[in-house]
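Have a look at the structure below before the remarks.
This structure is a prediction, so every number in the text was calculated from the model and none was measured. Letters A, B, ... mirror the listed sequences (proteins, then strands); counts begin at 1.
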Amino acid sequence: MNALLAADLPYWAQSLLRVLGGIVAVLLPAGTIVYVFLFKMMSFMQSRLGPMEAGPYGSLQLVAEVGKWLQKEDITPERADRFIFKIAPLVVLVSTFLLVAVVPFGPDAWFTNFEAGVFYMLAVSSVSVLGILIAGWASANKYSLLGGLRAAGQLIAYELPMVLAVVGVIIQAGTMNLQQIVVAQNAGSIFGWNGLGNPYILTQFVGFIIFMIAVQAELTQTPFDMPIAESELVSGYMTEYSGFRFLTFFIAEFATAGVFALIASVLFLGGWGIPFAWFDWSTIDSVDDWMNVVGPLIMVTKMMLLAFIIMWVRFSYPRFREDQLQRFAWKVLVPVSLVNIMVTAILKVAF
Amino acid sequence: MAEIPGDTLRQRIVDDLRAHIGADLIDSVVKPGDDVWVRVSTSAWRETARVLRHEMGFDYFCFLSAIDWMPSPYGKGEDDPTAPPPERDDTIRQGYTGGDTRLQMLGRVTSSALHVGVNIKCDVPDADATVDSWIPVYAGANWHERETHEMFGISFAGHPDLRNMYLPTDFEGHPLRKDFPLLARMVKPWPGIVDVEPLPGGDNDEEGDAE
Amino acid sequence: MTSTESLIDRRQMAYIAAQASDARVNVELETEGMTLNIGPQHPATHGTLRIIARLDGEQVVWAEPSCGYMHRGYEKLTEVRTYPQVTALINRIDWLGSFANEVPFILAAEKLMEIEAPPRAQHIRTILFELSRIANVSLFLGDLGVQLGAVTPVFMAFRDREYVLNLIEAATGGRFHPNFDRIGGLKDDLPAGFVDETRVVMKKLRNFCDEIENLLFGNEIFQSRTRGIGVIPKDVALQYGLSGANLRASGVDWDLRRDQSLPMAWNKADWKVWTHPDGDSFARCWIRLQEVRESTRIVDQLLDSIPSGPVMAKVPRIIKVPEGEAWVSTENPLGEMGYYVVSKGDLGPFRTKIRSASFNNISVVPWVLKGVYVPDIITILASLYFILGDIDR
């Protein structure tokens with residue numbers, strides 16, 4: 001949309017549109033995930049109905065919840081490091097916005113489109129660690145501190161498998177531009193048959209699994225939710241937050257889940273595209289403009305699918321212990337992803 | 001699976017214990033089909049536990065507590081607070097296996113192989129309420145002795161840490177001693193007393209017709 | 001036993017060595033330990049238990065439970081109540097399996113009075129006893145998941161426990177605190193339709209056990225979190241007086257329902273006492289799961305053979321218990337619960353010593369928590385399974 005609008009809109013209007021688009025792209029998936037999965041799917045899994053009163057089938061429950069949180073007092077612990085305490089939730093949320101900036105939603109519907117998109121994505125995704133760490137530290141609470149430290153250790157440990165899992169995709173696509181990765185998948189072919197394109201979930205299945213595990217850990221969702229660990233650390237780094245600041249953490253948690261699901265769909269499921277062979281497209285320039293409308297819908301569908309998997313695991317698994325998690329990351333995920341890179345590289349050269 | 005214990009087994013326990021600790025076993029009661037009680041001298045309190053655990057296989061520690069045999073000067077706490085206190089029998093009568101002192105220790109250990117338990121009592125000297133701690137024999141006695149200490153004011157020689165278990169550190173008095181008044185009953189007459197009054201117009205004999 | 005002991009010794013030695021090296025590092029880096037208060041208000045302590053833990057990083061150097069936040073002084077209160085009034089109090093000790101609390105006290109009073117409940121009352125008592133065990137332990141199985149981070153099992157537990165509570169309510173009138181047991185029998189007979197309804201519910205409960213076994217016990221993460229964690233060897237368990245599933249998980253084949261003669265109906269059913277050789281958290285949880293299954297079997301079999309007759313023996317309207325002392329303990333949901341009742345021939349007991357299971361079960365915590373990680377504190381506490389009212393009385 002931006003490229004389309006660039007022709008006849010002044011710069012400030014473009015920027016405004018991008019910001020609004022970014023907010024929609026972050027908040028809409030977050031709200032949908034919270035309602036569909038956290039409120040409803042979780043309830044059905046647990047043989048209950050979930051919210052039913054606010055709106056049809058409780059669909060306005062989230063609005064009610066947001067209203068409730070906004071009314072609550074914003075409490076800062078007496079001995080907290082006030083400035084850092086207050087800024088921490090924003091740092092976490094900012095990393096979500098930074099992430100969504102590189103996600104392509106259609107042939108022209110992107111916020112930014114630059115060559116090192118994957119690199120940038122991996123870099124800014126770790127900014128949220130800083131937010132969590134300073135939240136844990138600034139709360140002046142031992143549980144929060146333990147939670148923050150766990151989060152730091154865990155997110156650093158899982159950053160590496162995530163990077164290594166994506167390397168396979170980069171090797172296969174030959175580019176770090178997310179838009180080009182989408183095109184490579186949809187224009188590709190499997191042994192000459194191009195009816196399905198070549199979504200990398202088929203060729204990079206190991207990478208996909210590792211990436212999803214790392215995402216689960218990066219999002220601190222069960223079974224990797226030790227930084228929050230309600231039954232041990234009483235919500236960990238979030239313990240001392242209330243009202244609006246807790247809401248910010250809450251939105252960031254589910255918005256990041258949505259954005260990571262978007263990124264995973266770009267990297268492994270073909271992103272916004274449909275196999276180009278269906279419409280005899282060959283390159284991105286030949287894609288019809290209506291894909292700028294259909295593309296985002298396809299993206300959201302794929303995102304919901306992946307978010308479903310993330311939430312499904314979250315609601316059915318118990319939690320690892322911190323040292324078991326580290327062992328799993330360093331002794332299983334990292335070696336497997338290294339082998340995956342080697343095999344991918346060898347096959348890439350061979351074919 | 002061991003047999004359900006019988007009276008010969010219980011009598012044998014008493015005999016075995018007497019063989020081990022001799023005259024320190026002051027008295028014993030074997031109630032047919034029920035249970036066995038022994039009373040040992042205060043000095044043999046820990047030795048009895050050691051013998052029972054290491055020589056006779058009573059490896060399971062059940063509980064340890066005390067009994068204050070003095071009748072409560074407040075009765076059931078159902079007195080009219082305005083009336084002069086009623087006369088009460090204040091003779092101290094100990095239960096099974098007798099005794100000489102107001103406070104008595106009461107412990108119970110069980111054999112996990114024979115599934116039979118033995119209740120052990122010992123007198124607590126009135127002058128300094130102190131007995132030996134059981135911790136070297138049964139590590140689990142720790143908390144029970146702390147509880148007994150705060151509830152009865154009995155000290156345990158060799159206990160590392162006789163802090164209060166339940167009550168605040170600065171709590172005064174020992175609540176389970178009979179001379180510790182139950183304040184709730186002191187300040188307000190107990191309504192539950194109605195429960196035991198004979199029903200008016202009903203059968204005035206004590207044999208109720210149970211349905 | 002020697003192999004377990006040497007294993008424990010090796011674990012202890014390894015732990016001490018690790019501590020020594022850590023201490024050196026800590027001196028060099030000048031890091032300090034941290035004291036963490038777990039509780040009194042903490043989701044893992046279901047109630048108000050407080051654990052003071054001295055941590056080095058996430059490792060527990062020293063831990064000590066501190067109780068008394070819920071002490072209600074029942075032993076003192078029984079001294080000013082009559083025998084029939086006491087059951088209303090002791091219902092509140094283990095509030096998840098209330099009916100089971102009443103039984104040993106009533107049995108002790110009956111023993112002193114030398115009366116016995118009629119066979120039908122004994123039968124119904126046993127059925128209600130096992131129903132309260134199911135109500136108690138099924139909640140444990142759900143709560144176990146929550147402690148380990150899985151939220152779903154607890155809702156399944158609440159769903160199926162509801163059926164059991166409905167049964168208890170139908171029979172006794174109270175869901176939580178029935179106060180249904182009387183000296184000499186029971187307050188009432190079973191309501192119409194109870195037998196058929198119970199059969200249906202027992203089937204549901206067995207189904208629930210299978211569900212939990214598939215969802216939780218078969219899960220690799222659950223196993224890695226519980227296997228080998230919080231090992232309590234046999235002799236330690238016996239010394240600390242652990243009872244119930246905790247003791248059987250350490251390999252002691254001992255169940256008070258089987259191994260003593262009480263005027264109850266357990267010996268009329270065919271069931272199995274499960275033991276586990278490991279003594280770790282997993283063993284304790286697994287034993288409890290099997291116990292729920294066995295309880296449903298007991299109830300099913302007893303339903304087939306309820307004898308006819310009255311539910312109340314002939315007892316005086318005003319109950320005076322002859323002078324004497326009696327100890328009765330039963331295998332309650334949490335473990336061995338016993339009452340040592342001293343009577344002076346009065347309307348009420350002269351002294352009652354309440355031996356509750358959780359008090360002994362939790363007293364092993366300082367021993368077993370040494371050297372574990374913070375998440376394992378939660379696992380071990382959950383697997384030892386305590387009810388706070390049962391510790392503080």
Side-chain angles (χ1 to χ4, degrees), chain B residues 1-2 4-5 31 33-35 37 53 59-63 65 67-69 71-72 74-78 93 95-96 106 108 112 115 117 119 137-140 142-144 147 151 164-168 175-176 178 180 182 185 190 192 195-196 198-199 202-203 205-211, chain C residues 67-68 71 73 75-77 79-82 84-85 111 184-185 235-236 238-243 247 252-254 256 258-261 273 310-318 320 323-327 329 336 338 340 342 344 346-348 350-351 353 355 359-360 362-364 366-367 392:
Chain B
M1 176 177 152
I4 305 260
K31 232 175 130 186
D34 186 3
D35 219 339
W37 284 261
R53 171 149 190 245
D59 44 4
Y60 175 79
F61 170 77
C62 188
F63 72 87
S65 185
I67 304 177
D68 184 358
W69 288 107
S72 167
Y74 309 101
K76 293 261 174 207
E78 289 159 356
R93 283 179 297 132
Y96 294 165
L106 169 68
R108 184 181 169 90
S112 66
H115 304 140
N119 301 306
V137 188
Y138 296 101
N142 188 330
W143 281 24
H144 290 257
E147 190 191 0
M151 290 297 168
N164 276 2
M165 191 92 219
Y166 298 130
L167 304 169
L176 279 183
K178 291 282 181 182
F180 187 92
L182 186 62
R185 286 292 171 88
W190 171 240
D195 210 43
V196 295
L199 294 175
D203 34 7
D205 58 347
E206 293 219 327
E207 287 292 318
D209 184 22
E211 196 185 332
Chain C
C67 22
H71 184 55
E75 291 183 14
K76 184 80 175 172
L77 289 177
E79 292 173 9
V80 295
R81 270 164 174 70
T82 63
Q85 287 171 346
K111 191 189 254 187
D235 61 325
V236 175
L238 285 166
Q239 260 197 65
Y240 278 90
L242 262 63
S243 50
L247 188 61
V252 182
D253 186 15
W254 186 12
L256 291 165
R258 182 193 63 189
D259 295 328
Q260 63 177 351
S261 60
V273 176
V311 292
M312 193 74 188
K314 275 209 173 278
V315 288
R317 175 143 286 164
I318 295 173
K320 277 195 176 173
E323 190 159 345
E325 297 171 31
W327 160 262
S329 63
E336 178 183 14
Y340 190 93
V342 181
K344 284 280 182 114
D346 219 340
L347 290 173
F350 180 77
R351 159 126 176 81
K353 163 68 190 170
R355 191 272 189 208
F359 186 74
N360 278 37
I362 286 302
S363 71
V364 79
W367 186 89
D392 280 0

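For chain B, the option among C:I362, C:L247, C:V342 with the highest count of heavy-atom pairs below 4.5 Å is C:I362. Across B:Y60, B:W37, B:F61, the residue that shares the most heavy-atom pairs under 4.5 angstrom with chain C is B:Y60.
Between C:E325 and B:K31 there is no salt bridge, since no side-chain N of the basic residue sits under 4.0 Å from a carboxylate O of the acidic one.
B:R53 CZ to C:L238 CG: the interatomic distance, rounded to the nearest 0.5 Å, is 8.0 Å. The OH atom of C:Y340 sits 5.0 Å away from atom CD1 of B:I67, with the distance rounded to the nearest 0.5 Å. For the atom pair CG (B:N164) and SG (C:C67), the distance works out to 11.5 Å, reported to the nearest 0.5 Å.
Proximity to chain B (any heavy atom under 4.5 Å) is restricted, for C:E336, to the side chain, taken from C-beta onward. Contact of C:S329 with chain B is not made at all, since no heavy-atom distance falls under 4.5 Å. Contacts between B:N142 and chain C at a heavy-atom distance below 4.5 Å are absent for every atom of the residue.
The shortest non-hydrogen separation linking C:E79 to B:L176 is OE2-CD2, 4.2 Å. The heavy-atom pair separating C:Y240 from B:G140 by the smallest distance is CD2-CA, 3.5 Å.
A donor-acceptor pair is defined here as one N or O able to donate and one able to accept, closer than 3.5 Å; such a pair exists between the side chain of C:N360 and the backbone of B:C62.
The side-chain heavy atoms of B:R108 and C:W327, taken from C-beta on, include a pair separated by under 4.5 Å. Looking at C:K76 and B:M151, their side chains never come closer than 4.5 Å, going by heavy atoms from C-beta outward.
Ring geometry for C:F359 against B:Y166 counts as tilted: the plane angle lies between 30° and 60°, on a 0 to 90° scale.
Not counting sequence neighbours, the partners of C:D346 by the side-chain contact (heavy atoms from CB on, under 4.5 Å) test are B:K76. B:S65 meets the side-chain contact (heavy atoms from CB on, under 4.5 Å) test with B:F63, B:F152, C:R351, C:K353; sequence neighbours excluded.
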